[in-house]
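Okay, so here's the structure we're looking at.
FYI, side chains are in, hydrogens and waters are out, and symmetry mates aren't considered; it's all heavy atoms of this structure. Letters go in sequence order (proteins before strands), and every chain restarts at 1.
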2 protein chains.
Amino acid sequence: MPEEPRRQARGQRRMVQLLDAAAVVFAEAGYAKATTNAIARQAGVSPGTLYQFFANKEALAEALAERYRSELAAAHEKAFDPGTAQLPLPELVDRMIRPMVEVNLENPGFKALFGSGDLPDKLTAPTRALQKAVTGRVAEVLAARYPDLPSDRLATTSAVATQIFAALLGTIVTTPATERERWISELNQALVGYLTPLDQRV
Amino acid sequence: MPEEPRRQARGQRRMVQLLDAAAVVFAEAGYAKATTNAIARQAGVSPGTLYQFFANKEALAEALAERYRSELAAAHEKAFDPGTAQLPLPELVDRMIRPMVEVNLENPGFKALFGSGDLPDKLTAPTRALQKAVTGRVAEVLAARYPDLPSDRLATTSAVATQIFAALLGTIVTTPATERERWISELNQALVGYLTPLDQRV
DNA sequence: GACAAACACGAGTAAATGCTCGTATTTTTC
DNA sequence: GAAAAATACGAGCATTTACTCGTGTTTGTC
């Protein structure tokens, strides 16, 4: 197997450029229809150069997903101080939702990698990783709020909550800014409604 | 524009065969990755024959979506007698959900046309039609239950409910039959949770 | 400054895929 | 039963697209 070359500064910059470009093209065309040539063009670079840094389209998507994952983690880190988990449910949900929506608005490519339920086969790998990261984050918060929730219930609940979230995210980011709050509040209601029974357990 | 030829009995049968085949291939590969040649092969027919009946891949998908739409309408027709709308919320939701899940299990292609949130561009046309049909059905039921709900709230609510439903449908039909009930009940809880506030309005 | 490693180019390739078209067979029409 | 219309075939065209490769340039190392 060919070793990863030792990247120099110029190379690092190129990789960032390429990821930026990929985000734009993924956002415009969706993962499946996005062509590597278009991504290279968007980055102002030849197709050969793209492949100097990423083995294939999937690797590119994976790297982009990784970037999103860490941006998301940072955003959540910022939004959560200890004690947040004990807030009233609507506020807790709001604090989970906001950062995600913002990351999404700032990184239009996000939805393309996160959103679509069933992309063909292996193409889903980066998607699944992202979904898993989000689900994990949700699980952490729920675990903090409901310490004695059985772990299988915890897993199910976070998975469902994440899927509900993913389902409405598309509408939220697509919608004009004026109407956005309405949909966010709708998403909030849905999640609060789903989670309320947990709050009312003995 | 070339006129639609007057179909003879043999042709009608072929069209059914082709739609069946398309459902199978869409289910296995998803819409985007499904090839028309594979569909023709699955139907035991040459590619040329396929195009004798459907102008292109999209027209094929549209026809299939239309078929699902009517199957769905029939299933719902069967599940609703007048008065259903006044049932307790969990039961009402259950009656909405069951037929959809069943149509899905019987027609594996359904999810491929209904599920994925943002397929590229025009490919979404058949998808949107299906989603719209389902949303419309949901709206009817909600309108019957909440006659004085303003029409914009009605539209929003049915759209959100449908999206929640679509999001969890994938998990439900993919999951082994033994665990299916658990996920159906989870979906039920999510929808009931979302709709409960409407029940409690003055 | 010389040598190697990393970077860059972009025309080109192989494979996939939606769809066509010339031809041949079956069914309907009269 | 003959002309017309519908059905059927399948090799292959045109296009797209992920990716390569030969060649040349820039950067780091000693």
Using a cut-off of 4.0 Å on non-hydrogen atoms, how would the nucleic acid contact of A/Gly11 be classed: base, sugar-phosphate, or nothing?
-> sugar-phosphate
Could you check how far CD1 of A/Ile39 sits from P of D/dT17, rounded to whole Å?
-> 12 Å
Nearest-angstrom distance from the residue atom CE of A/Met15 to C1' of C/dA8 | 15 Å
Checking C/dG18, D/dT27, D/dA8 against the side chain of B/Lys57 (C-beta onward), the nearest is C/dG18
Looking at every strand, decide which applies to B/Ala38 at a 4.0 Å heavy-atom threshold: base, sugar-phosphate, or nothing.
-> nothing
Whole Å only: how far is the CD atom of A/Gln17 from the P atom of C/dA8?
-> 8 Å
Which of the following nucleotides, D/dT29, D/dC19, C/dC9, is nearest to the side chain of A/Asn37?
-> D/dC19
Would you say a side-chain N or O of B/Arg14 is under 4.0 Å from OP1 or OP2 of D/dT7?
-> no
Would you mind classifying the nucleic acid contact of A/Gln8 as base, sugar-phosphate or nothing, using non-hydrogen atoms under 4.0 angstrom?
-> sugar-phosphate
Show your working on salt bridge (charged side-chain N to carboxylate O under 4.0 Å, His left out) between B/Arg145 and B/Glu91 and close with a plain yes or no.
-> CA-CA 13 Å; B/Arg145 189 184 185 87; B/Glu91 288 170 40; over 6 Å; no
Which nucleotide in the set D/dA6, D/dT7, C/dC9 lies at the smallest distance from any side-chain heavy atom of B/Gln52?
-> D/dT7
Determine, step by step, whether B/Tyr146 and B/Thr157 satisfy the side chain to side chain donor-acceptor pair (under 3.5 Å) criterion, reporting the C-alpha distance in whole Å, the side-chain angles of both residues, the deciding distance to 0.1 Å, and the verdict.
-> CA-CA 12 Å; B/Tyr146 311 111; B/Thr157 306; over 6 Å; no
Does OP1 or OP2 of D/dC9 have a side-chain N or O of B/Ser46 closer than 4.0 Å?
-> yes
Which part of the nucleic acid, if any, lies within contact of A/Ala34, taking any heavy atom under 4.0 Å across all strands shown: a base, the sugar-phosphate backbone alone, or nothing?
-> sugar-phosphate
B/Leu50 CG to C/dC21 P, straight-line distance once rounded to whole Å = 16 Å
Just compare D/dT20, D/dT7, D/dT27 and give me whichever is closest to any side-chain atom of A/Pro47.
-> D/dT20
A/Thr49 side chain near C/dC9 phosphate (N/O to OP1/OP2, under 4.0 Å) = yes
Of the listed C/dC19, C/dA6, D/dT7, the closest approach to the B/Thr36 side chain comes from C/dC19
To the nearest Å, give me how far apart CZ (A/Arg7) and C1' (D/dT26) are.
-> 15 Å
